[in-house]
Amino acid sequence: MLQVEEKSIEMQRTAKQASKVLRVESMQKDIVRVEYAVRGEIAIRAEELRKQLSVSPNSLPFTRITNCNIGNPQQLAQRPITFFRQVAALVDYPDLLRSESDLFKPDARERAAKYLAAIGSAGAYSHSQGVPIVRREVADFIEKRDGFAADPENIFLTAGASPAVQLVLNSLISHPKVGIMIPIPQYPLYTASIALFNGTAVPYYLDEAKNWGLSKEELARSLAKARSEGVEVRALCIINPGNPTGQCLSLENMNEVVEFCKKENIVLLADEVYQTNIYKPAERPFHSFKKVVKSKGPEYDNFELISFHSVSKGMVGECGRRGGYFECTNIDPEVMAQFYKIASISLCPPVHGQLMVGLMTNPPKEGDASYPEYRKEMDDIYQSLVRRSNTLAKALNKLEGVSCNEAEGAMYLFPTITLPRKAVEAAKALGKQPDDMYCMELLNETGVCVVPGSGFWQKEGTWHFRSTFLAPENQMGEFAESLARFHEKFMNKYR
Ligand SMILES: Cc1ncc(COP(=O)(O)O)c(CN[C@@H]2CONC2=O)c1O
């Protein structure tokens with residue numbers, strides 16, 4: 001009886017859907033095709049389990065969900081930087097400027113007043129390219145970082161790096177055979193956006209054995225293959241420090257990339273959102289691609305580079321504010337005018353996101369009233385990230401069949417896992433990738449949500465998963481233990 005009822009409900013639903021104007025079948029095909037693993041099937045399941053725990057706390061073998069699938073520090077109890085939030089609060093409620101309270105330091109009051117004089121109100125639309133004085137702060141930050149001039153007119157403030165990357169990729173992909181070179185493994189914003197804009201992803205493989213380094217031979221191989229298939233490669237995306245791989249490129253590697261792009265007449269898109277997440281600064285300091293290009297002298301004066309940054313990462317972690325920027329180097333002014341036109345359709349990026357970019361790039365300086373607190377908060381977060389990344393890497397390397405490079409940068413570890421043949425067969429029987437199955441079982445047994453390596457693309461026949469090391473330090477021990485218990489049980493189950 002139940003099956004008949006279910007059948008008729010199903011038929012009614014289908015009939016009802018068929019009457020809709022907006023149906024999946026009638027949607028833009030590229031939208032239906034796109035995948036974004038960081039918040040994919042496993043993350044969705046994690047939310048279902050979180051809801052279940054909120055209703056019946058003792059119904060699962062764990063008491064909380066630990067989101068290690070997304071670089072979202074303040075979701076995991078990381079505190080915001082006090083000075084940043086004081087300025088934001090004062091800008092949001094200017095009457096506070098009149099209060100005598102010593103809660104707000106003088107330099108926070110000063111900065112808030114400066115921003116308010118420039119924007120009028122946090123509730124007003126700003127310039128579509130971004131608040132001019134914030135773009136000046138970004139330009140000053142870039143000049144100080146690199147030692148080369150930066151022009152605020154070449155800087156676009158955005159609602160995070162994601163829409164910036166999408167604007168540029170959308171502008172580049174004028175027909176389906178336009179190729180964009182992307183690193184494998186890669187952050188799925190790139191594959192998702194290239195699919196969404198109906199372009200061609202041109203993979204170049206990072207070498208896990210060389211700590212995810214890239215080689216000019218591999219770049220040449222990837223490009224030659226694409227061109228042999230009639231693909232018009234126009235840009236090369238590089239993520240440095242890497243997501244999910246956590247490597248920080250050597251200056252030598254960076255020069256090879258720039259020389260390759262110049263020789264092959266390819267625009268370089270440098271995603272540098274993790275530029276302050278540098279955990280081995282002595283052996284692997286961060287260099288911007290802007291500095292590398294400018295250091296190569298006049299023959300690179302026409303080298304086209306677009307660099308991306310964000311307030312979501314670093315020690316700032318203000319993901320929800322939606323603040324970021326991209327800097328255009330040697331980009332045709334008419335192309336930038338098109339960028340501006342597109343930006344103006346959305347009127348302006350979130351004003352608080354823009355101000356956060358200004359605060360990130362122009363923080364308190366030595367001698368400012370807020371500097372001691374700012375310095376301590378930044379250093380504490382940094383040192384904790386170093387400790388947590390090392391703790392998790394050590395724990396992962398103790399697991400059977402798991403090997404994990406230590407993080408040189410970013411917020412993730414990307415261990416390779418050698419799975420028993422029976423596990424690979426069981427996954428295939430389920431129509432799943434083996435690391436997908438592993439991560440789903442990990443979630444269902446421990447509440448830990450990570451992202452399978454298949455979500456970042458990976459070399460055929462290798463399996464990985466990506467975990468952040470953002471769980472609060474006082475939970476890292478328990479987190480590592482539950483991972484170890486699960487892993488042993490999993491390996492025994494499929495031995
Ligand atoms: C390499 C890289 N570029 C751009 C972005 C987008 O940042 P915005 O927040 O500024 O849009 C991310 C976000 N990292 C995602 C989100 O959390 N975990 C991730 O892998 C990223 O890792």
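Just so you know, ligand 1 is whichever comes first in the structure, and atom 1 is the first atom listed for that ligand. Please read all numbers here as calculations on a predicted model, not as lab measurements.
For Cys404, the side chain to side chain contact (heavy atoms under 4.5 Å, CB included) criterion is met by Leu396, Asn397, Leu413, Pro415, not counting sequence neighbours. Qualifying side-chain hydrogen bond (donor to acceptor under 3.5 Å, both in side chains) partners for Arg284, counting only residues two or more places apart in sequence or in other chains: none.
The pair Glu406-Lys280 meets the salt-bridge criterion, since a charged nitrogen lies less than 4.0 angstrom from a carboxylate oxygen. Classification of Lys290 and Glu327 as a salt-bridged pair holds, one side-chain N sitting under 4.0 Å from a carboxylate O.
Listed by chain and number, residues touching ligand 1 at under 4.0 Å (heavy atoms only) are Ile70, Gly71, Gly160, Ala161, Ser162, Tyr187, Ile239, Asn243, Asp271, Val273, Tyr274, Ser310, Ser312, Lys313, Arg322, Tyr412, Arg466.
Residues Arg45 and Asn444 form a side-chain contact, since some pair of their non-hydrogen atoms from C-beta on lies under 4.5 Å apart.
Sorted by first then second residue, the salt bridge (Lys or Arg N to Asp or Glu O under 4.0 Å) pairs that include residues 195-211, not counting sequence neighbours, are Asp207-Lys210.
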